Amino acid sequence: MLTERYKSAMQFAATIHDGHVRKGTEIAYLSHLMSVSALVIENGGNETEAIAALLHDAIEDQGDHTRVTSWSSRGKGARR
């Protein structure tokens, strides 16, 4: 079962990728992250792994890890 932690990660991903689209399309980039996360869940992954899938491009796309670190350190981030 997914918890508030997952919801928080989804909201964070939506915020940092707001306005981003897939290359050569008008499809929201968030759809890719949601698809990867869904694949993780459908193949037996746990919530932490699903959150990692949601956030797998966050640092690379932001060019600064500060926001991701800040989200994670609030106690709602992906934990090992």
Side-chain angles (χ1 to χ4, degrees):
M1 176 173 214
L2 300 176
T3 67
E4 285 297 314
R5 212 168 117 232
Y6 185 88
K7 181 179 177 182
S8 176
M10 177 68 79
Q11 290 170 336
F12 184 74
T15 298
I16 64 174
H17 294 288
D18 186 41
H20 299 176
V21 295
R22 300 290 313 259
K23 288 182 183 176
T25 74
E26 291 299 316
I27 299 170
Y29 190 75
L30 184 61
S31 67
H32 162 66
L33 303 173
M34 293 170 63
S35 295
V36 174
S37 185
L39 285 172
V40 168
I41 294 166
E42 290 168 2
N43 286 283
N46 62 32
E47 182 177 64
T48 298
E49 293 164 334
I51 290 171
L54 284 174
L55 302 179
H56 77 269
D57 283 333
I59 294 173
E60 177 183 350
D61 290 353
Q62 291 300 302
D64 179 1
H65 66 79
T66 306
R67 291 176 72 187
V68 175
T69 302
S70 174
W71 179 82
S72 181
S73 66
R74 291 188 318 210
K76 297 179 182 177
R79 295 181 182 99
R80 294 181 190 175

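Keep in mind that the numbers below use all heavy atoms, side chains included, and drop hydrogens, waters and symmetry copies. None of these values were measured; they are calculated from a predicted model.
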Value rounded to 0.5 Å, distance of [atom1] in [X] from [atom2] in [Y]:
{"X": "Met10", "Y": "Leu55", "atom1": "CE", "atom2": "CG", "value": "9.5 Å"}
{"X": "Leu2", "Y": "Lys7", "atom1": "CG", "atom2": "NZ", "value": "12.0 Å"}
{"X": "Asp18", "Y": "Leu30", "atom1": "CG", "atom2": "CG", "value": "9.5 Å"}

What is the minimum heavy-atom distance between [X] and [Y], and which atoms define it?
{"X": "Ala9", "Y": "Ile51", "answer": "CB-CG2, 3.7 Å"}
{"X": "Ala58", "Y": "Ile16", "answer": "CB-CD1, 3.3 Å"}
{"X": "Val40", "Y": "Ala50", "answer": "CG1-N, 3.7 Å"}

His32 and Tyr29 aromatic ring geometry - parallel, tilted or perpendicular at 30°/60° bounds: tilted
Salt bridge (Lys or Arg N to Asp or Glu O under 4.0 Å) contacts touching residues 46-56 (sequence neighbours left out): Arg5-Glu47
Qualifying salt bridge (Lys or Arg N to Asp or Glu O under 4.0 Å) pairs with a residue from residues 24-35, counting only residues at least two apart or across chains: none
Qualifying side-chain hydrogen bond (donor to acceptor under 3.5 Å, both in side chains) pairs with a residue from residues 35-46, counting only residues at least two apart or across chains: Tyr6-Ser37
